[in-house]
Amino acid sequence: MASESDPAPSNFIRSMIEKQAVDTVATRFPPEPNGYLHLGHAKSICLNFGIAEEYNGWTNLRFDDTNPDKESEEYMSAIKRDVEWLGFKWKSLCYASDYFDQLYECAEALIKSGDAYVDSLSAEEIREYRGSLTQPGKESPHRNRSPEQNLELFREMRDGKHSEGDHILRLKIDMASSNINLRDPAIYRIKKTHHYRTADKWNVYPLYDYTHCLSDAIENITHSLCTLEFEDHRPLYNWILEKARASTANVELGHPVQTEFGPLNLEYTVLSKRKLIELVQQGHVRGWDDPRMPTISGLRRRGYTAASIQEFCRRIGVTKSSAVIEMSAMETVIRDELNATAERRMAVLEPLKVIITSWAADESKTLEVSNHPNDPDLGTRQLPFTREVYIEQSDFEEVPPPKFKRLIPGGEVRLRSSYVIRCDDVIKDANGRVVELHCTHDPDTLGKKPEGRKVKGVIHWVSAANSVAAEVRIYDHLFNRPDPLAEEDYINAINPDSLLVLENAQVEASAAQAEIGSRFQFERQGYFSVDNDSTPERPVFNQVVGLRDTKN
RNA sequence: UGGGGUGUGGCCAAGUGGUUAAGGCACCGGGUUUUGAUCUCGGCAUUCGUAGGUUCGAAUCCUACCACCCCAGCCA
């Protein structure tokens with residue numbers, strides 16, 4: 001786990017800051033509240049908050065809420081909760097919408113200085129005029145309207161005197177620029193949507209490129225960290241700030257610098273808000289917090305800890321290349337943490353009844369069992385041993401494959417923390433299915449090795465009379481190929497078997513009583529957390545991750 | 001065929017002219033083990049996209065080439 005002895009590894013952003021020798025690093029995490037946070041955001045959060053903390057700085061949480069069509073209060077509170085849960089504290093909670101007045105004032109100043117103009121071309125015309133990747137664009141016939149004319153039109157736009165799409169405010173930069181972002185980008189559009197924070201005050205809303213740099217500057221952000229796809233926007237970011245500083249607008253602006261890092265990609269899943277929204281809305285998953293989802297809320301429900309997600313982000317590093325991380329990197333962090341911290345329990349997922357014929361029907365012996373094999377501090381618990389127990393169906397084979405170490409007819413196996421038993425009889429139903437085993441126990445094997453023979457297998461079990469019926473949910477990858485986006489439609493790559501529900505599991509009583517969110521290792525099977533759906537009458541467990549399996 | 005980026009083992013990733021080219025994940029072996037887990041020991045790039053060049057010395061500097069990613073929303 002992350003600790004003082006395990007410092008954050010060197011990366012290009014840290015090196016850059018070292019060279020700058022600045023005295024404070026101010027960052028921001030700027031999500032648009034149009035969906036739930038996922039692992040890609042976790043990487044950005046860890047980077048932004050982590051680097052600021054490391055250099056005596058601070059980080060703002062800023063909602064980039066400039067498109068009221070897509071944003072909502074629900075998303076906003078989910079984002080706040082997730083950032084807090086991950087373990088980070090922001091200095092200020094900010095909203096781009098808090099700057100709408102300043103942004104507007106600045107836009108008027110840019111109009112007055114001749115750096116912005118109102119265009120009245122249609123969206124399609126503007127697209128045509130923009131040119132292509134290899135062809136320069138051409139100037140709009142409205143490009144040379146006077147500042148007075150532009151100001152009047154822009155104010156009319158603001159005052160709701162025009163319809164959506166009729167006009168747009170653009171920067172006057174260079175229609176022939178090889179960087180398409182500089183071909184007179186739009187900075188304000190007419191939109192009459194109700195905004196969840198500013199209500200119906202505005203008929204015009206600023207666009208991302210215009211809003212983001214100014215918001216950073218207003219908040220005195222020093223390091224504006226974003227993903228690679230914004231590299232092309234950096235010249236625009238700087239252009240706007242330069243013009244804004246030179247303008248007459250009464251807005252105090254700092255000097256943020258944008259730096260881009262590679263986005264996170266994870267095998268067998270998708271990390272894009274748009275696609276995650278589709279998975280939720282089309283019902284491919286049970287919700288944003290479905291334990292199969294790569295969202296923070298999904299991982300939390302699955303049983304991942306905040307520490308494990310932070311550790312994952314530390315391990316994957318920060319570079320300028322877009323990494324595709326194997327799922328095992330994610331699984332190993334939570335497995336490591338839970339191996340150290342999770343108490344052990346026994347649970348039989350697919351039960352097979354075993355009668356210990358040598359054990360009296362009315363006898364129950366209480367065994368003292370340790371909660372963790374390597375950590376005595378985790379204590380012990382009492383476990384009853386009775387005549388009837390359940391073992392895993394897969395722990396018995398009539399015709400064992402090579403190297404099978406579990407129970408076979410006439411063979412012996414250790415019941416974990418209990419006796420060695422021998423299988424005497426196999427009871428089958430009319431279809432030849434094994435429904436019950438008759439075994440005898442060796443009374444001289446409790447807490448000691450049997451004499452004169454070695455018993456190689458150890459299997460888990462529960463007392464039939466003292467275990468509790470439970471539901472256990474086993475998860476597999478959401479997609480059945482490592483690169484679902486390579487599919488013509490990624491929806492076709494959805495794994496139909498990503499959720500396996502075992503309705504008839506039997507868990508020992510002490511696990512059945514656990515609170516929602518608590519985690520155990522079910523011995524030999526993996527780590528499990530108590531799901532939100534769990535009740536004392538009907539416990540429900542999620543498999544967080546399996547144990548490493550090196551057999552075969 | 002415009003612009004912006006990236007290329008170090010299967011996946012990440014340190015490295016910034018002189019190191020036997022860190023580390024993690026994965027994988028493969030040995031040992032311990034009442035979890036086929038854990039733990040532990042060991043193995044795993046004569047080579048850094050390719051080809052040239054500079055240098056006593058190159059993953060690090062230069063040149064050319066190749067591959068992949070991003071950009072033509074009134075989304076962010």
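FYI, side chains are in, hydrogens and waters are out, and symmetry mates aren't considered; it's all heavy atoms of this structure. Convention: sequence-line order gives letters A, B, ...; per-chain numbering from 1.
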A.B. asks: Distance check, P atoms only: B/rA51 and B/rC44, in whole angstrom units.
C.D. replies: 25 Å

A.B. asks: Give none if B/rG29 has no partner; otherwise give the nucleotide forming a Watson-Crick or G-U wobble pair with it, both distances under 3.5 Å.
C.D. replies: B/rC41

A.B. asks: Quiz question: going by heavy-atom distance under 3.5 Å, is there a donor-acceptor pair between the base of B/rG36 and the side chain of A/Arg406?
C.D. replies: yes

A.B. asks: Of all the choices, B/rC75, B/rG3, B/rU35, which nucleotide is nearest to the side chain of A/Asp232 once you look at every atom?
C.D. replies: B/rG3

A.B. asks: Can you figure out which of B/rU34, B/rC75, B/rA14 approaches the side chain of A/Leu207 most closely?
C.D. replies: B/rC75

A.B. asks: Is the cationic atom of A/Lys191 (NZ for Lys, CZ for Arg) positioned less than 6.0 Å from the six-membered ring centroid of A/Tyr205 and within 45 degrees of its normal?
C.D. replies: no

A.B. asks: What is the nucleic acid contact for A/Lys456, judged by heavy atoms within less than 4.0 Å: base, sugar-phosphate only, or nothing?
C.D. replies: nothing

A.B. asks: Produce a footprint string for nucleotides 6-11 of chain B: one letter per nucleotide, 5' end first; B if the base is under 4.0 Å from any protein heavy atom, S if only the sugar-phosphate is, - if neither.
C.D. replies: S---BS

A.B. asks: Quick one: label A/Ser177 by what it contacts on the DNA or RNA (base, sugar-phosphate, nothing), any heavy atom closer than 4.0 Å.
C.D. replies: nothing

A.B. asks: Is the distance between the ring centroids of A/Tyr527 and A/Phe520 under 6.0 Å?
C.D. replies: no

A.B. asks: Report yes if the distance between the aromatic ring centroids of A/Phe154 and A/Tyr117 is under 6.0 Å, otherwise no.
C.D. replies: no

A.B. asks: Just confirming the chi classification of B/rG9, syn or anti, using 90° around 0 as the syn window.
C.D. replies: anti

A.B. asks: Does A/Arg344 reach the main-chain N or O of A/Ala342 with its side chain, forming a donor-acceptor pair under 3.5 Å?
C.D. replies: yes

A.B. asks: Is the distance between the ring centroids of A/Tyr268 and A/Phe479 under 6.0 Å?
C.D. replies: no

A.B. asks: Consider the side chain of A/Asn179, meaning its heavy atoms from C-beta on, and name the nucleotide among B/rU1, B/rA76, B/rG3 that approaches it most closely.
C.D. replies: B/rG3

A.B. asks: Any N or O donor-acceptor pair under 3.5 Å from the base of B/rU35 to the side chain of A/Gln525?
C.D. replies: no

A.B. asks: Is there a donor on the side chain of A/Asp549 or the base of B/rG36 sitting less than 3.5 Å from an acceptor on the other?
C.D. replies: no

A.B. asks: Does any residue of residues 29-39 of chain A have a heavy atom under 4.0 Å from RNA chain B, and if so, which ones, in number order?
C.D. replies: A/Glu32

A.B. asks: Which of these passes side chain to side chain donor-acceptor pair (under 3.5 Å) with A/Thr305: A/Arg519, A/Glu337, A/Gln310?
C.D. replies: A/Glu337

A.B. asks: Nearest to the side chain of A/Thr66, heavy atoms from C-beta on, is which of B/rG3, B/rG15, B/rA76?
C.D. replies: B/rA76

A.B. asks: Please state whether the phosphate of B/rG36, meaning OP1 or OP2, lies under 4.0 angstrom from any side-chain nitrogen or oxygen of A/Arg524.
C.D. replies: yes

A.B. asks: Tell me if a side-chain donor or acceptor on A/Asn179 pairs with a main-chain N or O of A/Pro235 at a distance below 3.5 Å.
C.D. replies: no

A.B. asks: With no angle test and no hydrogens, is the base of B/rU34 tied to the side chain of A/Arg414 by a donor-acceptor pair under 3.5 Å?
C.D. replies: yes

A.B. asks: Should the ring pair A/His212 and A/Tyr237 be called parallel, tilted or perpendicular, given that the plane angle runs from 0 to 90° and is split at 30 and 60?
C.D. replies: tilted

